[in-house]
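This report refers to the structure that appears directly beneath it.
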There are 2 protein chains.
Amino acid sequence: MTPPLHLSLAGQAVDVLREQVLTGEIPPGSRVNEVEVAQKLGISRGPLREAIRHLASEGLLTLVPHRGAFVPDADADEVRALFELRTALECAAAELAASRRTDVDLVRLQEVCAESRRNYRAGQPFPYRLDLAFHQTLIDAARSPRIAEQVRLVQQRVVLLRSALDDDPPHQHASMDDHDELVKAVADGDAAAASTVMRRHLSRVCAQMLTSLNH
Amino acid sequence: MTPPLHLSLAGQAVDVLREQVLTGEIPPGSRVNEVEVAQKLGISRGPLREAIRHLASEGLLTLVPHRGAFVPDADADEVRALFELRTALECAAAELAASRRTDVDLVRLQEVCAESRRNYRAGQPFPYRLDLAFHQTLIDAARSPRIAEQVRLVQQRVVLLRSALDDDPPHQHASMDDHDELVKAVADGDAAAASTVMRRHLSRVCAQMLTSLNH
DNA sequence: GAGTTGTCAACTGTCGACAGTTGGCAGTTT
DNA sequence: AAACTGCCAACTGTCGACAGTTGACAACTC
């Protein structure tokens, strides 16, 4: 299991840096200065270097020899390539979830969908948090630890690119419909349908991302 | 000294260690002593630590706080989980390859298959090298860099577990047949067939691995 | 003035040393 | 003899400092 408490400074640094990268506090394209960040975190360069290497292995930073670490910025080709990977993983997860889900998995999924609807009706924007929660719940229902691991990493990278995503209401509505349809397929144990719907869903999200990238 | 492709000592250490882990020179279950290995490689603990962390992120080592890095050993559940991931990735790759392959991709695939047959008829065992080459060629034909990246990592982890795999002739023959069938599907541009065959192929390989794990 | 070369500051890559933690062993107790 | 306790060696986690490389700017040549 992953250590609940990151005792090591490197582990803490990973958490802090990941947060800063994902929230855009360290903007895409910018460089990470080792001594500067080390001082800011109050640690030495050793643990920080390990943290940087770790985040690089997750795809949240790119390493350039003798130049340092950079936050990768969005790029159409990268978005497409990333979504091909995400589609491969999440479609497989959807299939597995359809055949392995328990009843409590189903309840959890419906719960998330219901909360999304409530939120939407209340006029509030569909929070990305709930979208993530839905996919996370589905992944867990698939009960495939290695796939779950990879999906988590890919979703992180998607979040990183998400700065360029404007969530217009039509897109939100379509996403919620997709989610509902997915839950139905999973409930029926229809693996093929789950995979198909997931593919269509992700294809839609990818297209949305590409258009809002070009604005 | 030798002018290496990887200038950094950490990069070199990664290559050397990866080789030693994959060949079983460092046997599964054993621990990696930082000072000992550092001395053996003639480098300091800093770069070595980064190398160890890198290999851990690839799944070739597992890290235990305050205890060090260990080479993970085979386990039935792990094999199954890993092959679920591999199946997800390679089936998607097979689909993409079927729709994107060029004629030279096709030639390369047929080349590898032909060499496998020659090798088999010559009475020599089907070398794992050729199996890897086939899958690698197929992945490249899919032209999806992020998927290719992940497949490479997963295949590495499979190689790591492969110590327990006895390649009996029937299995080799079946594998070659699968490969031929895959090439046919890819040649026809039949994505669905490519995916189906790949799934069956990997399912067979996984089963073979599980049985030779239990003897 | 354009291009080339020399110089420099900043930063990464690397190292050796110290501190904190872990697991095991010897000695002691019941 | 089994279990508990305290100590010890080994190892990891961390740090500060030094060396090598890179990119930029200035000086110089044509």
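Note on naming: letters A, B, ... go to the chains in the order of the sequence lines (proteins, then strands), and numbering restarts at 1 for each one. Bear in mind that the values here come from a model prediction, so they are computed numbers and not experimental data.
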Tell me: NE2 of B:His66 to P of C:dT21, nearest whole Å?
7 Å
Heavy atoms under 4.0 Å, any strand shown: does A:Val32 hit a base, just sugar-phosphate, or nothing?
sugar-phosphate
Below 4.0 angstrom, N of the basic side chain to O of the carboxylate: do A:Asp140 and A:Arg108 qualify?
no
Please state how far atom CG in B:Leu61 lies from atom P in D:dT12, giving the value in whole angstrom units.
12 Å
Tell me every residue that passes ring-ring contact (aromatic ring centres under 6.0 Å, His included) with A:His201, counting only those two or more places apart in sequence or in another chain.
A:His135, A:His179
Side chain of A:Arg101, backbone of A:Val186: donor and acceptor closer than 3.5 Å?
yes
Answer with yes or no whether the side chains of B:His54 and B:Glu58 bring together a donor and an acceptor at under 3.5 Å.
yes
Can B:Glu115 and B:Arg129 be counted as an ion pair, charged N to O under 4.0 angstrom?
yes
Atom CZ of A:Phe70 and atom P of C:dC11: how far apart are they, to the nearest Å?
12 Å
Is it the case that more than 12 heavy atoms not belonging to A:Arg100 sit under 6.0 Å from its CZ atom?
yes
Separation of D:dG13 atom P from B:Ile52 atom CD1, nearest Å, is 9 Å
Taking only nitrogen or oxygen atoms into account, show me every contact under 3.5 Å that the protein makes with nucleotides 14-17 of chain C, one pair per line with its distance.
unit_1	atom_1	unit_2	atom_2	d
C:dT14	OP1	B:Leu9	N	2.3
C:dC15	OP2	B:Ser44	N	2.8

Quick check: does any side chain N or O of A:Ser116 sit under 3.5 Å from a backbone N or O of A:Val112, one acting as donor and the other as acceptor?
yes
Run the side-chain donor-acceptor check on residues 35-47 of chain B: report pairs under 3.5 Å with partners two or more places apart or on a different chain.
unit_1	atom_1	unit_2	atom_2	d
B:Arg45	NE	B:Glu34	OE1	3.0
B:Arg45	NH2	B:Glu34	OE1	2.8

Chi angles and distances behind the side-chain hydrogen bond (donor to acceptor under 3.5 Å, both in side chains) call for A:Thr102, A:Asp105
CA-CA 5 Å; A:Thr102 64; A:Asp105 289 327; 3.1 Å; yes
Taken to the nearest whole Å, CG/B:Asn33 to C1'/C:dT22 is 14 Å
Name every residue in residues 53-60 of chain A that has at least one heavy atom under 4.0 Å from any atom of DNA chain C, in order of residue number, or write none if there are no such residues.
A:Arg53
Whole angstroms only, please: what is the CD-C1' distance between B:Glu34 and D:dC11?
8 Å
Output yes when A:Glu149 and A:Arg146 qualify as a salt bridge under the 4.0 Å nitrogen-oxygen rule, no when they do not.
yes
With sequence neighbours left out, write down each residue that passes side-chain contact (heavy atoms from CB on, under 4.5 Å) with B:Ser30, or none if nothing qualifies.
B:Ile26, B:Pro27, B:Val71
Separation of B:Arg67 atom CZ from C:dT22 atom P, in whole Å?
10 Å
Review item, nucleotides 6-9 of chain C N/O atoms under 3.5 Å of protein N/O:
none

